[in-house]
Novice: 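I'd like to ask some things about the structure below.
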Amino acid sequence: LGFPLARAIWMTILELCFVLSGWLAIQLSGIKLKALETVLFCILIPLWYPFTKLILAASVVPPFIFMTLLAIRMAFQGKSSGAGILLFTCILLVPVSIPIMLFLVLYLGARRDTALIQIYLTGLVFLFVLAQILFPGWIVEWAGQFQRFHGDLSWIDTPLMRLAALVPS
């Protein structure tokens with residue numbers, strides 16, 4: 001594929017992600033709209049400036065936003081294994097997926113459904129093992145660099161540390 005064709009295909013995928021994200025948002029919010037209103041809303045979403053900017057910049061974030069919304073819907077429908085896989089996929093590019101995952105773990109945990117956390121933690125262990133295989137010793141190297149730049153505990157700035165600084169020792 002040539003670059004212009006590949007870019008056009010990617011931009012079309014981004015537009016579809018925004019349209020489907022709008023449809024999922026309407027489904028999740030429980031708003032009772034007529035079919036025509038829903039279609040118009042979903043079609044007009046890509047025309048909003050921030051979304052148009054993301055489409056023209058060929059950002060990779062919209063598919064992950066769509067997958068996060070889809071994971072929420074799947075979790076509410078009782079398909080927590082699929083939701084765990086989707087949230088695990090979105091962990092690095094959409095930081096808001098972490099609090100969403102915590103909320104869903106609590107929500108599903110109250111219903112005695114632990115599949116989401118099992119899949120999610122299995123994915124994290126898989127990433128850790130894969131990182132150890134591909135980049136052996138990176139944790140030790142990172143810890144050494146961190147210790148060299150932050151030899152003391154000055155990088156921890158919490159109210160408790162400020163109170164501890166007031167106490168003579």
Side-chain angles (χ1 to χ4, degrees), residues 13-14 17-18 20-31 45-46 48-169:
I13 291 171
L14 293 180
C17 286
F18 279 127
L20 293 174
S21 294
W23 180 76
L24 280 173
I26 289 172
Q27 298 296 313
L28 287 171
S29 67
I31 298 174
I45 283 178
W48 192 39
Y49 175 72
F51 296 147
T52 304
K53 185 177 176 183
L54 285 173
I55 291 169
L56 292 176
S59 175
V60 297
V61 174
F64 291 97
I65 292 172
F66 169 68
M67 287 193 297
T68 302
L69 289 172
L70 185 60
I72 294 170
R73 183 161 186 237
M74 288 175 75
F76 286 150
Q77 290 177 341
K79 302 174 185 173
S80 54
S81 297
I85 291 170
L86 288 173
L87 283 174
F88 167 70
T89 306
C90 300
I91 187 172
L92 295 177
L93 284 177
V94 184
V96 78
S97 69
I98 296 171
I100 289 173
M101 186 273 309
L102 292 175
F103 168 75
L104 289 175
V105 164
L106 292 174
Y107 173 79
L108 293 171
R111 288 164 173 65
R112 304 281 188 246
D113 186 1
T114 60
L116 177 88
I117 192 68
Q118 290 172 351
I119 295 289
Y120 194 80
L121 291 178
T122 302
L124 289 180
V125 169
F126 170 74
L127 271 185
F128 182 75
V129 169
L130 188 65
Q132 290 302 316
I133 292 171
L134 294 176
F135 309 108
W138 72 271
I139 292 179
V140 176
E141 186 177 323
W142 173 82
Q145 293 291 333
F146 191 81
Q147 179 64 28
R148 193 175 84 212
F149 286 116
H150 303 287
D152 56 353
L153 295 176
S154 63
W155 60 277
I156 302 175
D157 188 22
T158 63
L160 187 59
M161 292 297 285
R162 291 181 187 176
L163 286 175
L166 297 175
V167 177
S169 57

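In this text, all values refer to a predicted model and were calculated from it rather than measured experimentally.
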Novice: Got a second to check how far Leu116's CG is from Tyr107's OH, nearest 0.5 Å?
Specialist: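 Spacing of CG (Leu116) from OH (Tyr107) equals 12.0 Å.
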
Novice: Under the side chain to side chain donor-acceptor pair (under 3.5 Å) rule, collect the residues that match up with Arg112, sequence neighbours excluded.
Specialist: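 With neighbours one apart ignored, the set is empty.
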
Novice: In chain order, what residues pass the side chain to side chain contact (heavy atoms under 4.5 Å, CB included) check against Val125, with sequence neighbours excluded?
Specialist: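 For Val125 the side chain to side chain contact (heavy atoms under 4.5 Å, CB included) partners, ignoring immediate neighbours, are Val129.
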
Novice: For atom CD of Glu141, decide whether the heavy atoms of other residues, nucleotides or ligands shown that lie under 6.0 angstrom number more than 12.
Specialist: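 No.
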
Novice: My understanding is that only residues two or more places apart in sequence, or in another chain, count here; which of them pass side chain to side chain contact (heavy atoms under 4.5 Å, CB included) with Ile98?
Specialist: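 With sequence neighbours excluded, Ile98 shows a side chain to side chain contact (heavy atoms under 4.5 Å, CB included) to Ile91, Tyr120, given in chain and number order.
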
Novice: Quick check: closest heavy atoms across Ile45 and Gly22, and the distance to 0.1 Å?
Specialist: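 Closest approach of Ile45 to Gly22, heavy atoms only: CD1-CA, 3.3 Å.
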
Novice: Mind checking ring-ring contact (aromatic ring centres under 6.0 Å, His included) for Phe51 and listing every partner two or more places apart, or none if nothing turns up?
Specialist: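 With sequence neighbours excluded, Phe51 shows a ring-ring contact (aromatic ring centres under 6.0 Å, His included) to Phe18, Trp48, given in chain and number order.
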
Novice: List the residues meeting side chain to side chain donor-acceptor pair (under 3.5 Å) with Thr114, not counting sequence neighbours, and say none if there are none.
Specialist: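 With neighbours one apart ignored, the set is Gln118.
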
Novice: Show me the donor-acceptor pairs within less than 3.5 Å that the side chains of residues 62-87 make with the rest of the protein, sequence neighbours left out.
Specialist:
residue: Thr68; atom: OG1; partner: Phe64; partner atom: O; Å: 2.8
residue: Ser80; atom: OG; partner: Asp113; partner atom: OD1; Å: 3.1
residue: Ser80; atom: OG; partner: Asp113; partner atom: OD2; Å: 2.8

Novice: Among residues at least two apart in sequence or on other chains, which ones pass side chain to side chain donor-acceptor pair (under 3.5 Å) with Gln147?
Specialist: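 If we apply the side chain to side chain donor-acceptor pair (under 3.5 Å) test to Gln147, skipping adjacent residues, there are no hits.
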
Novice: Who passes salt bridge (charged side-chain N to carboxylate O under 4.0 Å, His left out) against Arg148, sequence neighbours left out?
Specialist: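 Checked Arg148 against salt bridge (charged side-chain N to carboxylate O under 4.0 Å, His left out); zero matches.
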
Novice: Side chain to side chain contact (heavy atoms under 4.5 Å, CB included) with Leu56: which residues, sequence neighbours excluded?
Specialist: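 Partners of Leu56 by the side chain to side chain contact (heavy atoms under 4.5 Å, CB included) criterion, ordered by chain and then number, come out as Met11, Thr52.
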
Novice: List the residues meeting side chain to side chain contact (heavy atoms under 4.5 Å, CB included) with Thr158, not counting sequence neighbours, and say none if there are none.
Specialist: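 For Thr158, the residues satisfying side chain to side chain contact (heavy atoms under 4.5 Å, CB included) (neighbours in sequence not counted) are Ile156, Leu160, Met161.
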
Novice: Only pairs at least two apart or in different chains count here, so list each ring-ring contact (aromatic ring centres under 6.0 Å, His included) that has a residue in residues 121-148.
Specialist: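 Qualifying pairs, neighbours excluded: Trp142-Phe146, Phe146-His150, Phe146-Trp155.
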
